[in-house]
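Bear in mind that the values here come from a model prediction, so they are computed numbers and not experimental data.
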Amino acid sequence: MNLIQVPKRYLPRRRFLQLSGISSLGLLLNACGSSLFDEAVGKTFEPLNQSVEALLLNPQKPVPEFPKSAIEPDALLINTFDETPKIDSEKFRLTIDGDVNNPISLSMADIQRMPLTSMIIRHVCVEGWAAIVEWGGIRLRDLVSLAQPKANVRYAYFKSADGYYSSWDIASTLHPQTLMAYQKNGQPLSIDNGAPLRLASPIKLGYKQSKWVTQITLVSNLMPSKGYWEDQGYEWFAGL
Ligand SMILES: Nc1nc2c(c(=O)[nH]1)N[C@H]1C(S)=C(S)[C@@H](COP(=O)(O)O)O[C@H]1N2
Ligand SMILES: [Mo]
């Protein structure tokens, strides 16, 4: 079993914990420190070297899901760094821009007309809790392909209505189980859980699962600021 320790200094005002089941890559990168980080990621993690076209043509292997009986309806704790933002879902638009040939701006009605995918997965928060949840939404890979990403795209930035932000590698972004979710456990997503639209994926830790996403920007390079928690020392890749 691999154990990862999130150093106490990285968790201001937060509970310290040991988290099991994280890949040894996470352990390695954690030990490397952030200056070597980008280099280590490029060399160690094969899917990061794959082109956006190859990833869109050949979806990665899905991770096993849980049966309906495993859903833990009360286990997902609301975890928001600041206030829940006020969003008018009628006026809401999701923008996808950056290094794309066809920037798009979609309403919730546009998004809900596209194929709905559901999955039952485990959400894992570094604060020491986890929850098996059913998410329903649209595959992010379908949205990204609508925007026609340029060949140089390697990362996606996610901007949220509460000022939160995060960034993902393109392989994880295009994983078939990375959804922009608008349902939780078969019901419309609640505002506290990120309505109208949030990230949900079984391959990343909870702090990568941005709620209230309004903008996705596809880029070829990571910028100095990588995410709300990542910029405070949390691991960037944060894979499960
Ligand atoms: N916009 C935004 N997204 C966010 C957060 C946040 O503070 N703001 N917190 C993250 C963390 S640490 C976790 S564990 C999950 C919690 O999701 P939930 O509140 O729906 O349980 O949201 C993630 N996404
Ligand atoms: Mo979290």
Side-chain angles (χ1 to χ4, degrees), residues 19 21 59-96 104-146 156 158-162 164 166 168 172-216 238-240:
L19 199 61
Q60 301 146 83
K61 249 180 86 176
V63 306
E65 296 179 12
F66 293 87
K68 272 214 190 282
S69 58
I71 294 174
E72 300 166 313
D74 304 317
L76 188 76
L77 308 179
I78 302 295
N79 200 352
T80 303
F81 86 99
D82 196 7
E83 307 269 293
T84 293
K86 298 222 177 338
I87 300 176
D88 180 343
S89 55
E90 296 297 310
K91 292 195 187 128
F92 173 86
R93 288 284 181 287
L94 173 72
T95 305
I96 306 186
I104 48 178
S105 163
L106 302 169
S107 68
M108 281 312 291
D110 296 331
I111 289 167
Q112 285 169 344
R113 269 194 292 272
M114 297 174 68
L116 171 70
T117 297
S118 295
M119 62 181 184
I120 301 171
I121 61 151
R122 180 180 275 121
H123 176 102
V124 181
C125 176
V126 290
E127 289 189 301
W129 56 271
I132 295 175
V133 184
E134 179 175 24
W135 300 108
I138 178 168
R139 286 196 169 100
L140 182 50
R141 56 183 287 115
D142 295 344
L143 292 176
V144 168
S145 58
L146 273 183
F158 298 90
K159 193 174 141 192
S160 297
D162 61 340
Y164 199 78
S166 189
W168 288 41
S172 302
T173 304
L174 300 179
H175 190 281
Q177 289 155 301
T178 297
L179 305 186
M180 294 310 300
Y182 52 84
Q183 293 179 354
K184 186 193 94 178
N185 298 337
Q187 300 295 316
L189 194 61
S190 73
I191 295 174
D192 285 340
N193 287 131
L197 210 53
R198 70 168 297 158
L199 269 166
S201 175
I203 61 170
K204 295 257 188 226
L205 280 168
Y207 61 85
K208 304 298 281 191
Q209 319 275 340
S210 296
K211 304 190 281 188
W212 311 295
V213 174
T214 58
Q215 186 176 12
I216 302 172
L240 281 177

Under 4.5 Å between any side-chain heavy atoms of [X] and [Y], yes or no?
| X | Y | answer |
| --- | --- | --- |
| Met180 | Leu199 | yes |
| Asp192 | Thr80 | no |
| Asn193 | Ile78 | yes |
| Leu94 | Asp110 | no |
| Cys125 | Asn79 | yes |
| Arg198 | Ser210 | no |
| Tyr207 | Tyr164 | yes |
| Ile111 | Leu197 | yes |

Using distance only, find each side-chain donor-acceptor pair of residues 64-76 under 3.5 Å and give its atom names and separation, not counting sequence neighbours.
| residue | atom | partner | partner atom | Å |
| --- | --- | --- | --- | --- |
| Glu65 | OE2 | Gln177 | NE2 | 2.9 |
| Lys68 | NZ | Glu134 | OE1 | 3.1 |
| Lys68 | NZ | Glu134 | OE2 | 3.2 |
| Glu72 | OE1 | Ile132 | N | 2.7 |

(request) Determine, step by step, whether Met119 and Leu179 satisfy the side-chain contact (heavy atoms from CB on, under 4.5 Å) criterion, reporting the C-alpha distance in whole Å, the side-chain angles of both residues, the deciding distance to 0.1 Å, and the verdict. (result) CA-CA 9 Å; Met119 62 181 184; Leu179 305 186; 3.8 Å; yes
Would you name the heavy atoms of [X] and [Y] that are closest together and state the gap between them?
| X | Y | result |
| --- | --- | --- |
| Thr173 | Trp168 | OG1-CB, 3.4 Å |
| Pro85 | Ile191 | O-CG2, 4.3 Å |
| Arg139 | Pro176 | NE-O, 2.9 Å |
| Lys211 | Ser160 | O-OG, 2.8 Å |
| Ala195 | Ile87 | O-CD1, 4.0 Å |
| Thr84 | Trp212 | CG2-CZ2, 3.8 Å |

(request) Name all residues meeting the side-chain hydrogen bond (donor to acceptor under 3.5 Å, both in side chains) criterion together with Thr117; count only those two or more places apart in sequence or in a different chain, and write none if there are none. (result)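 Not a single residue meets the side-chain hydrogen bond (donor to acceptor under 3.5 Å, both in side chains) criterion with Thr117.
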(message) According to side-chain hydrogen bond (donor to acceptor under 3.5 Å, both in side chains), who are the partners of Gln187, at least two apart in sequence or on a separate chain?
(response)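 Once residues adjacent in sequence are excluded, Gln187 has no partner under the side-chain hydrogen bond (donor to acceptor under 3.5 Å, both in side chains) criterion.
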(request) Determine, step by step, whether Phe92 and Thr214 satisfy the side-chain contact (heavy atoms from CB on, under 4.5 Å) criterion, reporting the C-alpha distance in whole Å, the side-chain angles of both residues, the deciding distance to 0.1 Å, and the verdict. (result) CA-CA 8 Å; Phe92 173 86; Thr214 58; 4.0 Å; yes
(message) Is it true that, when you exclude Ile120 itself, more than 12 heavy atoms of the residues, nucleotides or ligands shown sit nearer than 6.0 Å to its CD1?
(response)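 Yes, because the 6.0 Å sphere around CD1 of Ile120 holds more than 12 heavy atoms from other groups.
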(request) Measure from the side-chain N and O atoms of Gln209 to the backbone N and O of Ser201, and report whether any donor-acceptor pair falls under 3.5 Å. (result)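 Yes; judged by distance alone, with no hydrogens or angles, the pair exists.
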(message) Please determine whether side-chain contact (heavy atoms from CB on, under 4.5 Å) holds for the pair Lys208 and Phe158, giving the CA-CA distance in whole Å, both sets of side-chain angles, and the decisive distance to 0.1 Å.
(response) CA-CA 9 Å; Lys208 304 298 281 191; Phe158 298 90; over 6 Å; no
Got a second to check how far [X]'s [atom1] is from [Y]'s [atom2], nearest 0.5 Å?
| X | Y | atom1 | atom2 | answer |
| --- | --- | --- | --- | --- |
| Leu240 | His123 | CG | NE2 | 9.5 Å |
| Leu106 | Thr95 | CG | OG1 | 8.5 Å |
| Gln183 | Gln112 | CD | CD | 8.0 Å |

(message) A cation-pi test, strictly: NZ or CZ of Lys184 under 6.0 Å from the centre of the six-membered ring of Trp135 and no more than 45 degrees from its axis. Yes or no?
(response)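 Output no; distance or angle outside limits.
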(request) Assess whether side-chain contact (heavy atoms from CB on, under 4.5 Å) is satisfied between Thr178 and Leu174, documenting all intermediate values. (result) CA-CA 7 Å; Thr178 297; Leu174 300 179; over 6 Å; no
(request) Would you please say whether a donor-acceptor pair under 3.5 Å links the side chains of Asp142 and Ser145? (result)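 No - no donor-acceptor pair under 3.5 Å links their side chains.
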